[in-house]
Amino acid sequence: MDNYDPKEAEPRWQRYWAEHGIFRFDEDSKAEVYSIDTPPPTVSGKMHLGHAFSYAQLDFIARYKRMRGFNVFYPFGTDDNGLATDRLVEKLKGVKSSRMDRKDYVSLVLNTLQEIRPRVIADWKRIGMSCDFTINYSTINEHCQRISQRSFIELYKIGRAYRKDAPTMWCPACETAISQVELKDAELDSFFNDVKFNVDGKDLIIATTRPELIPACVAIVFNPEDKRYKALLGKKAKAPLFGFEVSIIEDSRVDMEKGTGIVMCCTFGDLTDMEWQKAFNLPIKEALGKDGKMTQMAGKYAGLKIKEARKAIIEDLEKSNLLINKRPIKHTVNVHERCETEIEILKTKQWFIKYLDLREDMLDWGAKLNWYPAHMKVRYDNWVKGLQWDWLISRQRFYGVPFPVWYCNKCGEVILAEEKNLPIDPLQDKPKHPCKCGSNDFTPEKDVQDTWATSSLTPQLSTELFKNKPIYSKLFPMSLRPQAHDIITFWLFNTTVKSNLHTGHNPWKDVIISGHAQDPHGKKMSKSKGNIIEPQVMIDKFSADALRFWAAGSKLGDDLPFQEKDLVTGHKTIIKLWNASKFALMHLKDYKHQPAQLTIIDSWLISKLNGIIKEATESFDNYEYIRTKMLTENFFWQDFCDNYLEFVKDRLYNPQNYTSEEVHSAQHTIYHALLNILKLFSPLMPHITEEIFQIYYADKENAKSVHVSGWPIFVPELYDKRSEFIGEQLVALTAAVRKFKSTSNLALNKPLKLLAIECDDEMRKEFELVMKDLKAISKAEEIMFGKGSIEVNQKIKISIVA
RNA sequence: GGGCCCGUAGUCUAGCGGUUAUGACGUCGCUUUUACACGGCGAAGGCCACCGGUUCGAAUCCGGUCGGGCCCACCA
């Protein structure tokens, strides 16, 4: 055994696992299935550190379950759908989809995906993901389109999908409707403009941040409590510049403190405007178009973009002496999370999933999931309680899963595709039958479905790859949904909703929510802050195992600041494991794999290890991989290396001074201790453990990989309290001797002339049983029982003559 | 404004009712011993954020205060 080089070894083992199908899902196995709804990463760039962090944590669990003997269903899909992909391709290829032919654009996207997808998947393979990569899906492929379209048809048939011309949130940059979950807050600089309206020839000052919406003004509203404006009720106000008149009404939603306490209601400045429109049945004046430009309604400002129009109107107001004040303010507005454009509310025809009536059920569904950590459920509950819109699923884009829908031009009937023909593209395909009214003249739906309408089906997307096989019934509902906390309201929520609407039950049993990787100061990493840490660079510098070691260093659900020193620690652990194995295996060359009569200190180690196995297993069952990590790490480094291996060195180097049983006992102990350490570490650091396992253990344990060699088993009979007690006394005594040498500036291997031990008779009997070991450990030429001056613990004192 | 999480040595982290508060990095001293100096041994370093309460006993449970993070709401 030379040196261990992870750069060479890690890819080698990854290839070995793939070639030998180590992580292959066995559809014929009788073993209990553990199915994982692996998050399909978006193919929009490289894997970032947050991915490495949370996917590594998932992989710990998957590898553990596999070693526990479960038939692990662990697919790997990619999410190639949605605006993120759209924007990436537009950027990479320098195109704008809306200016391209639809067909050309879609094939450009699909081709680009082919180019970049393997590179993205390679990043995941590099961190040692133990997925069965042969079970894969892409959220834009035929299989997924079929399931996604089928889902829509089913929802339509049970009355959950509906189409409506209604105000919806709109991104003028992406030129599509978006849903509540895609919103983000942004604090922006703006101006409060005090504008002169006119009532009965008198000025009425109204403050607005959006003067460009004056042409869309449909009413003036004040608070009924507000004495200042009481007299205006029922009167008409004349709009500046435009000259039309609107009614003055009262409503308690007006904040008297804000601006001048009186507000113009427009179509549609914000949600409150929408509410007023409904409540007072106000007219709808669409001054803003889907392209983010002003319409004919805006008169001379028609064709200008929002901000241009705002500037022009303000200039004109100033010229006409209609603007009396312009105060800079900071205000928070809703922006589209993908492009940070301020959203607008426009009246458009869209498809929705009706679910606002299901809030109580949704809370029920959430309560039935096993949440790890438990408090993450609160985020789900809060989201459900705050829902205000039905789920808007149509997007005015070219790329995506089409709606399997046509509209009859004669009677307006919605025509659905038949399930057996899915997937279809209504722009290419035609309905197989005429409409009920007899017409054969149809308009295809040209909108596409929101990406979440498809990715909310991942449990079906992966398990239905086995739809016609006997194993299918064991795959769904799935055992586990792993994901990060930022998308509880998107992915987890939507998936729960769809599964319950379709099947009447939850898509999974357990949910594990991981935290975020942060920069070294505990701040969120972002490109704009320039504090991005690339996992690829860290793997190059250290290793995938070291990166995983870092990821194992926080509790599930907790955010973890990235500290390069943690990778150094991981790296050192790998090297230590390698060196300790080098030593151990050197002394196991002539080991005969047979039962042994353990000596007391050997029994101490085995008994202690047995306890570690028990705790590590319980921890892993609760997804507390960090506890497993710490227990194993401490046992390996302190008990095994620093103490045990030092204790047995004399037995191994000078076997002639011991009986063959004693030597065999040491070898037997080392064999089992190291084997179990490798197994305990293997989910966290799969490569180094595999390397060592293959060098020595694979044949003897008759396993093709440490990862399928079985998890260590807790054996109650291996508990040996008495040996543990004596072992602990030896450890304490050794520590005292080492401290003496250290503080006396002596080398640790410097022999001592005399070691005197003061203890009671009972302890003395125990020590006499391990006298040989004691002599070897302390390197004392003579050991006697007598007066001691250095306190070891409450029971023991020692004296030393160097 | 509402909700949730978190405040433990210089830094990161474990513990979540009962020994002397875990481990790592860093610092300092000793130690180049045939697995490993990417090692070993030792030392210094903590009012476990603060204030109250419950308890025989609180880092741990409860209430409040302050600080940090995240989510949601508000957005004229």
Side-chain angles (χ1 to χ4, degrees), chain A residues 1 3 180 183 185-188 190 192-193 206-210 213 217 220-221 253-255 258-266 269-273 276 329-334 342 373 375-383 385-388 485-486 488-489 515-516 518 520-524 550 553-555 557-566 568-587 624 626-627 629-631 633-634 637-638 641-642 645-646 649 652-653 734-735 737-750 779 794:
Chain A
M1 287 171 81
N3 291 324
Q180 188 178 346
L183 300 180
D185 287 353
E187 197 178 54
L188 298 176
S190 183
F192 237 151
N193 303 287
I206 293 180
T208 177
T209 53
R210 305 209 52 187
L213 286 182
C217 179
I220 302 294
V221 197
R253 277 167 278 207
V254 176
D255 181 352
K258 206 159 189 172
T260 53
I262 189 160
V263 49
M264 68 172 192
C265 168
C266 307
D270 62 26
L271 287 178
T272 321
D273 288 345
W276 281 326
I329 54 160
K330 269 195 194 304
H331 68 164
T332 317
V333 293
N334 281 327
E342 288 174 70
H375 66 81
M376 289 295 179
K377 174 179 172 290
V378 179
R379 300 200 183 191
Y380 173 97
D381 291 349
N382 281 346
W383 174 254
K385 288 174 192 158
L387 276 177
Q388 297 197 43
H485 58 59
D486 55 340
I488 289 174
T489 57
H516 277 150
Q518 300 170 324
H521 309 288
K523 299 273 175 239
K524 203 169 169 172
W550 161 74
S554 81
K555 273 186 301 187
D558 278 8
D559 294 340
L560 182 66
F562 177 84
Q563 309 261 346
E564 196 166 312
K565 68 185 178 58
D566 290 335
V568 175
T569 309
H571 178 71
K572 284 184 180 178
T573 307
I574 291 162
I575 301 302
K576 184 80 176 176
L577 197 52
W578 178 255
N579 283 319
S581 301
K582 198 153 93 176
F583 172 79
L585 301 183
M586 189 165 82
H587 293 286
E624 293 167 4
I626 184 172
R627 210 169 138 62
K629 177 200 169 198
M630 294 179 89
L631 287 165
E633 205 182 344
N634 288 345
W637 206 298
Q638 291 167 21
C641 291
D642 293 345
L645 289 183
E646 295 302 323
K649 265 184 180 167
L652 296 169
Y653 281 121
T734 308
V737 172
R738 284 168 173 170
K739 185 169 180 174
F740 171 83
K741 288 179 173 173
S742 182
T743 48
S744 315
N745 295 359
L746 296 171
L748 286 179
N749 67 338
K750 169 117 171 122
K779 295 215 158 54
Q794 288 162 339

Peer 1: Checking contacts here: which listed nucleotide (rC5(B), rU13(B), rC70(B)) is nearest the side-chain heavy atoms of H375(A)?
Peer 2: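 Output: rC5(B).
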
Peer 1: Which nucleotide wins on minimum distance to the side chain of H331(A), given the candidates rA73(B), rU22(B), rA76(B)?
Peer 2: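 The listed nucleotide nearest to H331(A)'s side chain is rA76(B).
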
Peer 1: If you check the Q638(A) side chain, which of rG69(B), rG23(B), rC74(B) turns out closest?
Peer 2: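 So the side chain of Q638(A) is nearest to rG23(B).
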
Peer 1: Can you tell me which nucleotide in rC25(B), rC70(B), rC12(B) comes closest to the side chain of D566(A)?
Peer 2: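 Among the listed nucleotides, the one closest to the side chain of D566(A) is rC12(B).
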
Peer 1: Treating N579(A) as the side-chain partner and K576(A) as the backbone partner, does any N or O pair qualify as donor plus acceptor under 3.5 Å?
Peer 2: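 The answer is no, because no donor-acceptor pair under 3.5 Å joins these two groups.
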
Peer 1: Answer yes or no: is there a donor N or O on one side and an acceptor on the other, between the side chain of K750(A) and the main chain of K741(A), under 3.5 Å?
Peer 2: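 No.
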
Peer 1: Could you please name the option among rC74(B), rA76(B), rA14(B) that lies closest to any side-chain atom of T209(A)?
Peer 2: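 Looking only at heavy atoms from C-beta outward on T209(A), the closest nucleotide is rA76(B).
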
Peer 1: Mind checking if D185(A) touches a base, just sugar-phosphate, or nothing, with heavy atoms under 4.0 Å?
Peer 2: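 Touches a base.
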
Peer 1: So, the side chain of S742(A) versus the backbone of R738(A): is there a donor-acceptor pair under 3.5 Å, distance only?
Peer 2: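 It does not hold such a pair.
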
Peer 1: Scan every strand shown for a Watson-Crick or G-U wobble partner of rC25(B), both distances under 3.5 Å, and answer none if you come up empty.
Peer 2: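 Pairing partner, where one exists within any strand: rG10(B).
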
Peer 1: Across all strands, who's sitting opposite rG39(B) as a Watson-Crick or G-U wobble pair, both distances under 3.5 Å?
Peer 2: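 Base partner found: rU31(B).
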
Peer 1: Of the listed nucleotides (rC72(B), rC74(B), rA76(B)), which one gets closest to any side-chain atom of W383(A)?
Peer 2: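 The answer is rC72(B), which lies nearest to the side chain.
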
Peer 1: Check the distance between rC6(B)'s C1' and D559(A)'s CG and give it to me in whole angstrom.
Peer 2: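 Computing the D559(A):CG to rC6(B):C1' distance gives 9 Å.
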
Peer 1: Test your reading of the model: is there a side-chain donor-acceptor pair from D273(A) to the backbone of G269(A), 3.5 Å cut-off?
Peer 2: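 Yes, D273(A) side chain to G269(A) backbone: donor-acceptor pair under 3.5 Å.
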
Peer 1: Between rA14(B), rC12(B), rA76(B), which nucleotide has the shortest distance from any of its atoms to the side chain of I626(A)?
Peer 2: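 Given the options rA14(B), rC12(B), rA76(B), the side chain of I626(A) is closest to rA14(B).
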
Peer 1: Might you list the N or O atoms of the protein lying below 3.5 Å from N or O atoms in nucleotides 36-44 of chain B, with each pair's distance?
Peer 2:
{"unit_1": "rC36(B)", "atom_1": "O4'", "unit_2": "N579(A)", "atom_2": "ND2", "d": "3.4"}
{"unit_1": "rC36(B)", "atom_1": "O2'", "unit_2": "N579(A)", "atom_2": "ND2", "d": "3.3"}
{"unit_1": "rC36(B)", "atom_1": "O2", "unit_2": "K576(A)", "atom_2": "NZ", "d": "2.9"}
{"unit_1": "rC36(B)", "atom_1": "N3", "unit_2": "K576(A)", "atom_2": "NZ", "d": "3.0"}
{"unit_1": "rC38(B)", "atom_1": "O2", "unit_2": "H571(A)", "atom_2": "NE2", "d": "3.4"}
{"unit_1": "rG39(B)", "atom_1": "O3'", "unit_2": "K576(A)", "atom_2": "NZ", "d": "3.1"}
{"unit_1": "rG40(B)", "atom_1": "OP1", "unit_2": "K576(A)", "atom_2": "NZ", "d": "3.4"}
{"unit_1": "rG40(B)", "atom_1": "OP1", "unit_2": "W637(A)", "atom_2": "NE1", "d": "2.5"}
{"unit_1": "rG40(B)", "atom_1": "OP1", "unit_2": "D642(A)", "atom_2": "OD1", "d": "3.3"}
{"unit_1": "rC41(B)", "atom_1": "O2'", "unit_2": "R738(A)", "atom_2": "O", "d": "3.3"}
{"unit_1": "rC41(B)", "atom_1": "O2", "unit_2": "S742(A)", "atom_2": "OG", "d": "2.9"}
{"unit_1": "rA43(B)", "atom_1": "OP1", "unit_2": "K739(A)", "atom_2": "NZ", "d": "3.1"}

Peer 1: I need the NZ-P distance between K779(A) and rU31(B), as an integer number of Å.
Peer 2: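 The answer, rounded to whole Å, is 17 Å.
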
Peer 1: Base, sugar-phosphate or nothing for A584(A)? Non-hydrogen atoms, less than 4.0 Å.
Peer 2: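 Since no nucleic acid heavy atom lies under 4.0 Å of A584(A), the category is nothing.
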
Peer 1: Let me know, please, whether H485(A) or M264(A) comes out on the 5' side of the other along RNA chain B by nearest nucleotide.
Peer 2: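 Mapping each residue to its closest nucleotide by heavy atoms, the 5'-most match is H485(A).
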
Peer 1: F192(A) ring centre to K258(A) NZ or CZ under 6.0 Å, with the angle to the axis within 45°?
Peer 2: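 No, cation not above the ring by the 6.0 Å, 45° rule.
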
Peer 1: Can you tell me how far C1' of rC71(B) sits from NE2 of H516(A), to the nearest Å?
Peer 2: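 H516(A) atom NE2 is separated from rC71(B) atom C1' by 11 Å.
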
Peer 1: Among rA76(B), rC12(B), rG3(B), which nucleotide has an atom closest to any side-chain atom of F192(A)?
Peer 2: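 Nearest to the side-chain atoms of F192(A), counting from C-beta on, is rA76(B).
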
Peer 1: Using both distances under 3.5 Å as the test, list the Watson-Crick or G-U wobble partner of rA44(B), or none.
Peer 2: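 Checking every strand shown, rA44(B) finds no partner, since no pair has both distances under 3.5 Å.
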
Peer 1: Looking only at the side chain of K555(A) (C-beta and beyond, no hydrogens), which of the listed nucleotides rC72(B), rC16(B), rU22(B) gets closest?
Peer 2: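 Given the options rC72(B), rC16(B), rU22(B), the side chain of K555(A) is closest to rC16(B).
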
Peer 1: Find the partner of rC16(B): check Watson-Crick (N1-N3 plus N6-O4 or O6-N4) and G-U wobble (N1-O2, O6-N3) distances, both under 3.5 Å, and reply none if neither fits.
Peer 2: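 Partner of rC16(B): none.
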
Peer 1: With heavy atoms under 4.0 Å as the rule, sort E624(A) into base, sugar-phosphate or nothing.
Peer 2: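 No contact.
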
